[in-house]
Every structure is written in C-alpha cells, then in structure tokens.
Amino acid sequence: MIKKCLFPAAGYGTRFLPATKVIPKEMLPIVDKPLIQYGVEEAMDAGIREIAIVTGRGKRALEDHFDINYELEAQLRGTSKESMLAGIRSIINTCSFSYTRQTEMKGLGHAVLTGETLIGHEDPFAIVLADDLCFNGDHGVLAQMAEVHARHGCTVVAVEEVPLSEIHKYGVIAGEEIEPGVYRVDAMVEKPAAEVAPSNLAVIGRYIITPDIFDILRETTPGAGGEIQLTDALLQQAKQGRVIAYKFEGRRFDCGSVEGFVQATNFMYHEKMDGADRRKNLR
Ligand code: UTP
C-alpha cells in the first residue's frame, strides 16, 4: 500500500509564458479544475492520503487551493453554488498536505531530493508530475501502478509508446517484456536523439519509487540540460534490476505544452458533458 505522493511543482513552466508568470503552471485549469487537483484525485484513487508538494517562489496559490476559504464558503452556504466546492472540500478533509520549497530550480531529480524531508526513508512513495494529465475512468494510472508495485516490490515507472520524432522530449527505457506491457528495465536515457533512442517507450510523469533513490540522487551529478535528472538516478536502480516499466491503460496529455493542454481541455469537457448527460438519463 502506497501512503505518500510527492508532487514536484517548482518548475518555471516557461512553455506557458506569459500565463505562468504569476500563476503556477499546476494551477492552470482544465475545464473547471486546476491540473494539480486532477493529480491529487488520481493519487487518492490509488488509496494515497498523504500529499507532499515541492513548491517554489510564486507558488503560494497551490497551498491556498488545498485550504479552506472561509469567506467564500460563508458566501455560498445555502445557495445553489454550494455544491461546487464539495469536491475540493472533501479532498481537504480526507488528505494531509505538506510543503517544502526548492530554492534553486536544478531539475526534477533535485526537486525530488528536496522532497526527502517530507517523504522520509520508510516506504516506497509515488511521484506525480501534475502537468501530465492522465485519465482512465475509475481505474487511474497510479492505482494500476500500485498493483504492479505490489507484485514486483520495486520501483515502477509508467511508459507510453511515442513516435520517434517526439522521443527527444522524454526519458526512454529499454528492457525485457516479462508480462504483457510490463518490462524489466536495463537501460534508461534522458532526452535521446531519435537515432540513439533505446526504444520508443517514453517515461511519463508517474512513478512509484523505493526511498533509496534519495541516497542515489545525492550522488547524481548534473546530466542533460545541466539539470539533476531523475532518469539518471533511476538508471542506477535499473542496473541492479530494480526498475519495472509499465505500459499503462488510459490517456495521457502533456499539459505542459499548449497543444496537449488544448487536447486535454477538449477531452475533459466532453467527459464532463457525457457524465452530466448520463446522470440526467438516470434521473
Ligand atoms: P518540466 O520541465 O516539465 O517543467 O518539469 P518546467 O520546467 O516547469 O516547464 P518548462 O519546460 O519550463 O515549460 C517536469 C516537472 O518537474 C518539476 C516541474 O514543476 C514539473 O512538474 N520541476 C522541474 C521542479 O519541481 N523543479 C525543477 O527544478 C524542474
């Protein structure tokens, strides 16, 4: 059972400037919910109740979102709009939230190491990159990964097949398929050129990781882009046969890019409308 989920959310979100100059990327809404809330709901769907968020300067809206707004609640009490806050209120009542700040943005690996103080060394934990929005109805991607982790007892990364023309944007794995859609990873490369990519299986923003990763990250030197790369640390675990890649069921949208953000908005809008129609028909 995975208890904690870490959300590295300190990045600058430069692909979305100027929208992200003041508003954290993770607070950009897909239809009517900010990206980070989708991620937290996916973690809850996997049974997780302890949420740890690595923030940075200018990211206080994240903390305010997962807190009570007494004035707003008092205004809406007894009105038809009260139900619109029910979802976020239930999240606040169910989960605990803790925060730490990454003071220098030295990459995802560094952000994860910054979260060590919130996660500790006792148990495997999940990581969600909220700008990757995943959708799979009632059986979320993190819940699927928790099942794979329960079977194999080691680190699990979610992978997706991507066209080779896109592969240079991702961490890429190679490994032997040991069950349908499940691979024992033996190589991992961050942002390879298409000609040298070890496969077309790209790591997306969902991980379940054993806590020895923190000691590995402490020893990891800057890699691609001069940043401390989580992929490089995971490669050390993979060399010991301790990383599984899992081809998840569902859709994933790269909401850190404008194109993925628009696709996710259209998809979620139709999901919401279809759900509303279904509910109407049940009445
Ligand atoms: P990204 O590279 O997608 O995010 O990092 P970014 O740097 O915010 O976006 P662009 O590329 O400038 O548009 C993946 C995840 O890692 C976090 C980001 O917040 C995002 O969730 N991250 C990245 C950190 O928390 N700290 C860092 O130093 C770098």
Side-chain angles (χ1 to χ4, degrees), residues 5-30 34-40 42-43 51-63 65-66 97-119 125-134 141-142 157-160 162 166-172 188 190-192 202-207 209 213-214 217-218 220-234 252-264:
C5 185
L6 185 69
F7 287 76
Y12 290 122
T14 52
R15 281 169 292 163
F16 251 99
L17 284 170
T20 46
K21 187 177 169 213
V22 177
I23 298 168
K25 173 167 74 173
E26 299 75 13
M27 287 303 295
L28 295 177
I30 298 293
L35 275 169
I36 187 113
Q37 187 173 332
Y38 287 95
V40 169
E42 189 186 325
I51 306 296
I53 306 183
V54 178
T55 68
R57 280 178 297 285
K59 298 261 185 171
R60 281 181 49 188
L62 288 166
E63 295 178 46
H65 186 70
F66 294 110
F97 289 85
S98 57
Y99 302 87
T100 188
R101 277 194 183 201
Q102 189 186 13
T103 49
E104 289 177 279
M105 309 325 158
K106 293 187 193 164
L108 176 59
H110 183 257
V112 171
L113 185 56
T114 305
E116 179 184 21
T117 174
L118 304 177
I119 296 293
F125 62 101
I127 297 179
V128 167
L129 307 186
D131 50 357
D132 264 345
L133 176 59
C134 293
V141 173
L142 216 48
V157 299
V159 291
E160 180 178 64
V162 303
E166 300 278 304
I167 207 85
H168 62 279
K169 300 179 186 168
Y170 296 91
V172 181
M188 289 184 100
E190 185 62 30
K191 299 189 171 64
V203 179
I204 62 126
R206 298 290 182 279
Y207 311 79
I209 299 189
I213 199 75
F214 294 123
L217 279 168
R218 241 185 298 283
T220 303
T221 49
E227 297 189 330
I228 297 177
Q229 298 290 352
L230 182 59
T231 304
D232 292 343
L234 290 171
R252 191 236 7 154
F253 300 94
D254 173 13
C255 295
S257 75
V258 173
E259 194 191 9
F261 186 89
V262 172
Q263 285 169 355

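Indexing begins at 1, ligand by ligand and atom by atom, following the structure's order. We use all heavy atoms of the structure for the numbers below, so side chains are in, but hydrogens, waters and symmetry mates are not.
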Check whether any side-chain N or O of Lys59 sits under 3.5 Å from a backbone N or O of Ala9 as a donor-acceptor pair, and report yes or no. yes

Return the OG1 to CZ distance between Thr55 and Phe7, rounded to the nearest 0.5 Å. 13.5 Å

Between ligand 1 and the protein, which N/O pairs fall short of 3.5 Å?
{"unit_1": "ligand 1", "atom_1": "3 (O)", "unit_2": "Arg15", "atom_2": "NH2", "d": "3.1"}
{"unit_1": "ligand 1", "atom_1": "3 (O)", "unit_2": "Asp131", "atom_2": "OD2", "d": "3.3"}
{"unit_1": "ligand 1", "atom_1": "4 (O)", "unit_2": "Lys25", "atom_2": "NZ", "d": "3.1"}
{"unit_1": "ligand 1", "atom_1": "8 (O)", "unit_2": "Tyr12", "atom_2": "N", "d": "3.2"}
{"unit_1": "ligand 1", "atom_1": "8 (O)", "unit_2": "Gly13", "atom_2": "N", "d": "2.8"}
{"unit_1": "ligand 1", "atom_1": "8 (O)", "unit_2": "Lys25", "atom_2": "NZ", "d": "3.3"}
{"unit_1": "ligand 1", "atom_1": "9 (O)", "unit_2": "Lys25", "atom_2": "NZ", "d": "3.2"}
{"unit_1": "ligand 1", "atom_1": "11 (O)", "unit_2": "Arg15", "atom_2": "NE", "d": "3.2"}
{"unit_1": "ligand 1", "atom_1": "12 (O)", "unit_2": "Thr14", "atom_2": "N", "d": "2.8"}
{"unit_1": "ligand 1", "atom_1": "12 (O)", "unit_2": "Thr14", "atom_2": "OG1", "d": "2.5"}
{"unit_1": "ligand 1", "atom_1": "13 (O)", "unit_2": "Thr14", "atom_2": "N", "d": "3.1"}
{"unit_1": "ligand 1", "atom_1": "13 (O)", "unit_2": "Arg15", "atom_2": "N", "d": "2.8"}
{"unit_1": "ligand 1", "atom_1": "13 (O)", "unit_2": "Arg15", "atom_2": "NE", "d": "3.0"}
{"unit_1": "ligand 1", "atom_1": "19 (O)", "unit_2": "Ala10", "atom_2": "N", "d": "3.4"}
{"unit_1": "ligand 1", "atom_1": "19 (O)", "unit_2": "Gly11", "atom_2": "N", "d": "2.9"}
{"unit_1": "ligand 1", "atom_1": "19 (O)", "unit_2": "Glu26", "atom_2": "OE2", "d": "3.4"}
{"unit_1": "ligand 1", "atom_1": "21 (O)", "unit_2": "Pro8", "atom_2": "O", "d": "3.0"}
{"unit_1": "ligand 1", "atom_1": "25 (O)", "unit_2": "Ala10", "atom_2": "N", "d": "2.9"}
{"unit_1": "ligand 1", "atom_1": "26 (N)", "unit_2": "Gln102", "atom_2": "OE1", "d": "2.7"}
{"unit_1": "ligand 1", "atom_1": "28 (O)", "unit_2": "Gln102", "atom_2": "OE1", "d": "3.4"}
{"unit_1": "ligand 1", "atom_1": "28 (O)", "unit_2": "Gln102", "atom_2": "NE2", "d": "3.2"}
{"unit_1": "ligand 1", "atom_1": "28 (O)", "unit_2": "Lys106", "atom_2": "N", "d": "3.4"}
{"unit_1": "ligand 1", "atom_1": "28 (O)", "unit_2": "Gly107", "atom_2": "N", "d": "2.9"}
{"unit_1": "ligand 1", "atom_1": "28 (O)", "unit_2": "Gly107", "atom_2": "O", "d": "3.4"}

Establish, yes or no, whether a centroid distance under 6.0 Å links the rings of Phe214 and Phe125. yes

Heavy atoms, side chains only, cut-off 4.5 Å: are Arg15 and Asp254 in contact? yes

I'd like to know if the side chain of Arg206 and the backbone of Asp132 have a donor-acceptor N/O pair within less than 3.5 Å. yes

Quick one: does Leu234's side chain get under 4.5 Å of Ile209's, heavy atoms only? yes

